[in-house]
Structure formats: C-alpha cells, structure tokens
Number of protein chains: 2
Amino acid sequence: MPTSKDVAAAAGVSQSTVSYVMSGKRPISEKTRKRVEAAMEKLTYQPNAGARALASRRTRVIGLVIPFIPELHMSSIMEFIAVIAATARQLDHDILLVTDDEGAAGLQRVVGQQLCDGLILMQVEGVDNRIPVVRSLGVPVVLIGIPQQTTGLNCVDADFEQAGALCITDLADAGHRSICIVNWQTSVVERHVNYVQRFHEGVRSAALDRKVQIVTVAGNNDRAGMAAAVDEGLAGLAGAPAFVCPDAGIQELLLDTLRIRGLTPGTDVSVIGGCSAAVAERQIIPLSTIDLQPATVSRRAVQILCAILAGQLQQDHECVELISPVIVHRDSTIKRPDVP
Amino acid sequence: MPTSKDVAAAAGVSQSTVSYVMSGKRPISEKTRKRVEAAMEKLTYQPNAGARALASRRTRVIGLVIPFIPELHMSSIMEFIAVIAATARQLDHDILLVTDDEGAAGLQRVVGQQLCDGLILMQVEGVDNRIPVVRSLGVPVVLIGIPQQTTGLNCVDADFEQAGALCITDLADAGHRSICIVNWQTSVVERHVNYVQRFHEGVRSAALDRKVQIVTVAGNNDRAGMAAAVDEGLAGLAGAPAFVCPDAGIQELLLDTLRIRGLTPGTDVSVIGGCSAAVAERQIIPLSTIDLQPATVSRRAVQILCAILAGQLQQDHECVELISPVIVHRDSTIKRPDVP
DNA sequence: TTGAAAGCGTTACCAC
DNA sequence: GTGGTAACGCTTTCAA
C-alpha cells in the first residue's frame, strides 16, 4: 500500500507538497500539482485515515446513534439512515454506527476514542437521558427530535404541529365537520411524549379555527383494541367519517378495521395516515399521507453538523429547525364526501 | 484528552507497560497492572483510535455495505443492520456504513483509506459486479447472499431451498394437495436470480416428494397484477386453497386481495408469508410465516469476519453457510381445512 | 517483569 | 512556491 512518501518520491517532491496538493492549504504551481496528481494516480494512492486523523485531529467520520425501538416503523429509520449516509458522503464524511443499546456510554466511547468528529442522534425524546451526556461531550452534536430543553443544542425535526394542522385543514376542506384522531400507540405516547403533543396541539388549534369537532381515540396495535377505538370514533362522528392516523405502525390495522366495518377508505371514509414518501409510493391501500419529509430532516441534520465541523458555524451553534410536512393525495383518496 | 503517556506518568510506569496492560500481550505483575488500571480510571483514559490504527494496522472497524433497493423490505434490512452492529460490538468492533450507491469504488475507498479491516456485503446477488472487486481487495470479506461462483469467498445466507421445502411440507401436513406459490416481484426476480431459484428448487422437490400439485404465479406489487395472479392461482387449485408468498414486500397485498375475494386467511385459505421474526411479532393479519432467521444470518456473518480478523481462521478462509429457516405458526393460522 | 525508542503515515509549522 | 521536520498517540522490538 503506497504512502504519501512514495508519491513524493515518484513525483520528485517533498512529502509536505503532496499533503498540500491534497488539502489545497497552500498554493502549488500548476506544474508540480500535475506531477503529484499523476504520481497519485499511478500508484493508486489513498491517504491513510488513521494517520490523517492522528495528525489533523479530524476523522471525517460522523457517529450516527440509531435507535432500536420495536414500536418504531423500521422502514422509516432505514430511510433516515440511507439519506444521512448519502449526504455525509457528499460532504466528504463517513458514518459510524452507534447502536443505542450501548446507551450514553457508547457516545462517550466513540467520542473518547476519537472515532468520530461529531454525532447525530436519532429519535430524541422529550426527556432524554442522553442529553446531559451530549452536553458534556465536547464535540458538535445534532439531534433529530426536539427535547424539552433545547438551549445549547442543535435540533432538527419534522414540524408535527404543522402536520396536525394540515390534516385537519385538509379534511375540513374536503367537507368533513368532525374528525377522529387515532393517536399513536400507547407505548409510543409514553416514550416520545414530545412530538405526539406537538401534533395534537396543531390539530387542536386548526380544529378551533375551522370549527371542526375532534374525537381522539387511543392507538392500538392489536385488533381488539383498534376495533374498540374505531367504534368509539365512528360513534362520535357526525356526517361522513374521517380518520387521521399519524402512527405508521398501526395504519394498516386501522385500514383493515375500517374495511371490516364495510367502509372503503377513499370512498366511504377519508383517511390520512402519516408515513414517509417512500412508504407512500408503495402504499397498497389508497389513502392520503402526511409526508413528514424524513429525507429533508436527515439531510439538514448532516448539513448542520458538517457546517459546524467545517467551522462555517460557530462551535457552540444552537438551533431548532422544524421541517414543514406535506399532505400527499393519492389517487382515489379523499373522495370528497357529500356532507350537508 | 489524556494519552497513554499521561497514564504512564500517573502510574509511574513506561508507556509500553500501559500498552501491554491494555493488550495483555505480555505478562504484567499484578501490582503494576492495578496501578495502571487505577490511573486509567482516574484520568478516564480512552485510547486514540487513529493512533492505534496507525501503529497496529488494525482499525477494529468493519465496513458494512448496505443496499438501497426500493423493492426490498426496508424493515428487514434494518434488522440485519441492528444485529450486525450489536454483534460487532460484542466482538469489540465498530461498524462503518458504506452505501451501495458508491458502488465498487466505495469498497476500494474504505479499504484503501484503511478505514476498516474487513467488509460485510449485504444483499449479494447471483451475478454481482462487486464480486471481482471483493476478490482483489486484500481484506477479508463476508457476503450475505450466495453468488454463482463462491470459490475463495465467505458466504452466509438463509437456506432458501429448505425454506421452500418447509412451506410445502407444512401445507401438505395441513392436508393441502395443491398449493399456489406467489413468486417474488418481477423486479426482484430479475435482480436476485439466485435465492429465488433456490426457493423454487426446494418447493419443487418437496412437492414431488409429497405428491402435491404446485401452481406458480408471478408476484406483483400492484392491485391489478396481484388480482390476476390470485385468480390464476385459485383457478388452478383443487380443494382448500393454499398460498405461499415468500416476498415480504407483497404479502399485505396478497392478503388483501384474498380478503376481497371473500377468503379469510387462516380460515378459508392457508397462507404462508416469508418475513422475519420481528415483523411477524407485529403481524396484523394472522398468517404463518417463514422465518428466514435474519438475525442468525447477520450474527454469523460478523462472527466469521471477526474470526478471520482475529486469525482464528486462515486469512483465505472460504465457506458457504446456509442458515435453516423455521415456520412460525401464528394463532388461528392454518386452520387445517377439511380436505377430502 | 519492565523500559527506551523506533516506527506507523499524516499534517503543519518554520525555513528558505 | 517548496522542502525539512517535529509532532500526533499508539504498538512493538530490542535491551536490560
């Protein structure tokens, strides 16, 4: 495996010149640059990451802390990861996986061993025990999700409040006067208090605004529980029924439950489910979806982190970015019902 | 950030002693070990990964090449990743993500820059353009999936042949005399020729053995296509209908299509879908599943790679490991139909 | 059982 | 515009 020394020898220059050709940190004459580049090419030189990290105190690696929460729709996590990895590469960084079961110690480990220059935490909760550790880490961190206390932190997330409002206005525009919200599964509600509340806040204020009646029922991931929830919802609704179900993990079950009651989603009943664009593409049942723009959220997280690392943002940068969601109408969905 | 030098000073020993305490590569008296460990503790010392990699020519990082194929069920990929990352940590390694859209060049990059000691490739196809590159990489690689030519390669995968056979014997035991196989989606069939064939081979020989009639129909991920396939299947079946659908990406659609025809899976029709244990846990529709044991496959991949890296296996180790699948019966599934 | 010192392959400072 | 060289923090050989 050739080293920069070999390149230098082949090009007839010093090792430092090779380094400067790569970094561009000082002017190099066109002539020598060509020679060096030719030598690198010929030797298929690749700089040694370890040596580079040691000397420059920069690994060009980002630690990505991935959650492992069963209730979470895995496919959406995967989408986050894919976009984060791709964006990182665009910005000349790599991604080191940190599984959440290592807990806060895992964060300290990868930072302490200087395996990475900064961290992205996925699925940050309102009260998250990793936050205090994050603050003391001494490296830039970007959170996906908004904790209760955000001072000194960089956070990005979907704008759930706006998402809630969008669902209501969309259905209101379709003529619905009363709407049933199927809440997230209880286990999720207990865990991620935060965005659930934000969503409901958006629903509440939009409903007030549009003079729409809201019936909120508990989300369930078992047939019996969902059946009860749907019945409760149907009983409370006036006019053509409309459902909003932001939890991707129980959407299929909701749709199935509605179908069993003879209600065809998109014809007899309006349904807005919350799922990502990628999932929506392959959605089997026609329904409108709240696209929370996970790709944009992921991309922003990486961009912010890399900007801080590049010194384009102050080291102690602090922000809360909320990405606007979009309602995607699928064909044959929201067949505007004839409501008096 | 303290270095091993600081630890050495604090413990009143030389730097090499600190190193040997960590690696255990030479005997250290109980007394000095204690002193060193105490010093490490007090200073919260963590060895610098870059320096360690530079000196030892070992990064203790494994490159994981993840696919990005829309047809693939993302959730199952996520399961692989989670298990791989967890297993790697158990064996004292970390995982660097390599997205497949970097292609073969990506492999050369991470190996060339010595960002990792070895690679795991997910979703390896029968004819895979990354294979030639893999052979020339000079680091150990483990493939998840079985390419056509396996000489000199380490491969792990689910035993699809056995899976196919299992589905047939299971349904035959339930009394079915003719069974419809809903094939993988066309896009998948075209791509991953390999395991699809292996599955069908298992089906074929088991059917022969059990004197069961097989009707194979194309898999489709659109309603119309699936409807046609199901009708074709039903037309060809004698007695109580039974379906086998190994493609997790179209199972929901199949079930839905059956339901529309008035057939309740688990009551009027037997269905075996192929999906992972984790997905089965949360399966909304009761059906039996072929558990291809992705967790075991993932774990083995890491174990093999780490064994090679640790020198426990020859550097040029070569193997093909097939993990046995399991049929998981869900409650109320395979209600043994009354077949004459 | 332990220590000293020579690398490992970069980067970046100091000269020229 | 370019070269020499001292770090960077660890591992490992050679000596003791």
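Predicted model, so just to flag it, every value in this text is computed and none were measured. Chain letters run A, B, ... following the sequence lines, proteins first, then strands; residues in each count from 1.
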According to salt bridge (charged side-chain N to carboxylate O under 4.0 Å, His left out), who are the partners of [X], at least two apart in sequence or on a separate chain?
{"X": "B:D159", "answer": "none"}
{"X": "A:E125", "answer": "none"}
{"X": "B:R60", "answer": "B:D92"}
{"X": "A:E30", "answer": "A:R33, A:K34"}

Pairing donors with acceptors under 3.5 angstrom, does anything connect the side chains of B:T151 and B:Q149?
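Looking only at side-chain atoms, B:Q149 and B:T151 do form a donor-acceptor pair, the distance falling under 3.5 Å.
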
Answer with base, sugar-phosphate or nothing: what part of the nucleic acid does B:V13 contact at a heavy-atom distance below 4.0 Å?
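Here B:V13 touches the backbone only, sparing every base.
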
Taking B:H317's backbone N and O only, do any of them form a donor-acceptor pair with B:N154's side chain (distance below 3.5 Å, no angle check)?
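Yes, the answer is positive, given that a donor and an acceptor are paired below the 3.5 Å cut-off.
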
Would you find a donor on one side and an acceptor on the other, under 3.5 Å apart, between the side chain of A:D117 and the backbone of A:R58?
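Checked: no pair found.
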
Any side-chain heavy-atom pair from B:I131 and B:V124 closer than 4.5 angstrom?
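Contact flag for B:I131/B:V124 side chains = yes.
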
Assign each of A:Y20 and B:S16 to its nearest nucleotide of DNA chain D by heavy atoms, then name whichever residue's nucleotide is nearer the 5' end.
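Final value for this comparison: A:Y20.
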
When the side chains of residues 3-18 of chain B are checked against the rest of the protein, which donor-acceptor pairs come out under 3.5 Å, sequence neighbours left out?
unit_1	atom_1	unit_2	atom_2	d
B:T3	OG1	B:K5	N	3.1
B:T3	OG1	B:D6	N	3.4
B:S4	OG	B:Q15	NE2	3.0
B:D6	OD2	B:T3	N	2.8
B:S14	OG	B:S16	N	3.4
B:S14	OG	B:S16	OG	2.8
B:S14	OG	B:T17	N	3.3
B:S14	OG	B:T17	OG1	3.3

For A:V139, what residues pass the side-chain contact (heavy atoms from CB on, under 4.5 Å) criterion, not counting sequence neighbours?
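Result, side-chain contact (heavy atoms from CB on, under 4.5 Å) vs A:V139: A:V111, A:L137, A:V141.
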
Pairs where residues 130-142 of chain A contributes a residue and the test salt bridge (charged side-chain N to carboxylate O under 4.0 Å, His left out) is met, not counting sequence neighbours:
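Qualifying pairs: A:D100-A:R130, A:D128-A:R130.
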
Testing B:L121, B:I146, B:L143 for side-chain contact (heavy atoms from CB on, under 4.5 Å) with B:L153, which one passes?
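Only one option passes, and that is B:L143.
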
For DNA chain D, find the residues of residues 25-37 of chain B with a heavy-atom distance under 4.0 Å and give them by number; none if there aren't any.
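Within this stretch, B:K25, B:R26 sit under 4.0 Å of the strand.
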
Going by atom type alone, with no hydrogens or angles, which donor-acceptor pairs under 3.5 Å involve a side-chain atom of residues 304-315 of chain A and a protein atom two or more places apart or on another chain?
none

Between the axis at one end of the helix from C:dT1-D:dA16 to C:dC16-D:dG1 and the axis at the other (five pairs apiece), what's the angle to 10 degrees?
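Axis-to-axis angle, ends of the helix: 40°.
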
Start and end of chain B contact along DNA chain D [non-hydrogen atoms, under 4.0 Å]:
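Span of nucleotides near chain B: D:dG9 to D:dC14.
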
What's touching nucleotides 7-9 of chain C from the protein side, N or O pairs under 3.5 Å?
unit_1	atom_1	unit_2	atom_2	d
C:dC8	O3'	B:R57	NH2	3.1
C:dG9	OP1	B:R57	NH2	2.6

Under 4.0 angstrom between A:S19 side-chain N/O and C:dT11 OP1 or OP2:
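Answer is yes, contact under 4.0 Å.
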
